Amino acid sequence: MSDSIDIQLKKGALELCVLALLHRRESYAYEIASTLSERVGMGEGTIYPLMRRLQTEGLVTTRLEESASGPPRKYYRLSPAGEAAYAARQREWRDFVTAVDRLMEGLS
């Protein structure tokens with residue numbers, strides 16, 4: 001896969017991946033970034049602006065927790081609107097993947 005297609009696919013799926021991680025449990029941005037870097041090869045720099053946008057849009061709520069290893073950590077958790085957005089995006093993703101699979105298999 002060419003690098004530009006790979007990057008665009010990952011960027012398009014990034015929000016869904018973050019919502020999926022937060023659907024499972026609350027987390028802080030560095031932990032989310034590390035998980036995405038490890039599992040799908042996404043760079044850290046893309047996470048922080050996304051987390052701010054999700055917060056601005058009301059899809060996540062935050063809380064600060066003291067950390068023994070540095071400054072307080074901002075933990076994110078899905079809001080009720082975030083849970084609804086996750087469910088909707090998950091359905092959209094599954095429909096999209098099914099449509100692409102059908103195209104590749106030559107089905108209509």
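Along the sequence shown, the residues carry numbers beginning at 1. As the structure is a prediction and not an experimental result, all values here were calculated from the model.
Criterion: ILVMFWY side-chain heavy atoms under 4.5 Å apart, direct or through other members. Under it, V18 and V40 are part of a common hydrophobic cluster. At a threshold of 4.5 Å between side-chain heavy atoms, the hydrophobic network of Ile, Leu, Val, Met, Phe, Trp and Tyr places L50 and W93 in one connected group. The hydrophobic clustering, which links ILVMFWY residues whose side-chain heavy atoms are closer than 4.5 Å, places I32 and Y28 apart. One hydrophobic cluster, built from ILVMFWY side chains closer than 4.5 Å, holds both L14 and L19. Taking hydrophobic clusters as Ile, Leu, Val, Met, Phe, Trp and Tyr residues chained together by side-chain heavy-atom distances below 4.5 Å, M51 shares a cluster with L16.
Atom OG1 of residue T62 and atom OH of residue Y75 lie 13.0 Å apart, to the nearest 0.5 angstrom. Here the CG-OG1 distance, from L21 to T35, works out to 6.0 Å after rounding to the nearest 0.5 Å.
Summarising the geometry of Y48 relative to A29, their closest heavy-atom pair is CE2-CB, 3.4 Å, with the distance given to 0.1 Å. The shortest non-hydrogen separation linking G58 to A81 is O-CB, 3.8 Å.
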Worked verdict on L59 versus L78 for side chain to side chain contact (heavy atoms under 4.5 Å, CB included): CA-CA 6 Å; L59 300 181; L78 289 184; 5.5 Å; no
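Counting only residues at least two apart or on different chains, the side chain to side chain donor-acceptor pair (under 3.5 Å) pairs with a member in residues 79-92 are E15-R89, H23-E83, Y86-Q90.
Under the side-chain hydrogen bond (donor to acceptor under 3.5 Å, both in side chains) criterion, S27 pairs with E31, not counting sequence neighbours. Residues satisfying the side-chain contact (heavy atoms from CB on, under 4.5 Å) criterion with E105, sequence neighbours excluded, are D101, L107.
Annotation for Y30: atom OH does not count as buried by contact number, only 12 or fewer foreign heavy atoms lying within 6.0 Å.
Screening R73, E26, K74 against R63 for a side chain to side chain contact (heavy atoms under 4.5 Å, CB included) leaves a single residue, E26.
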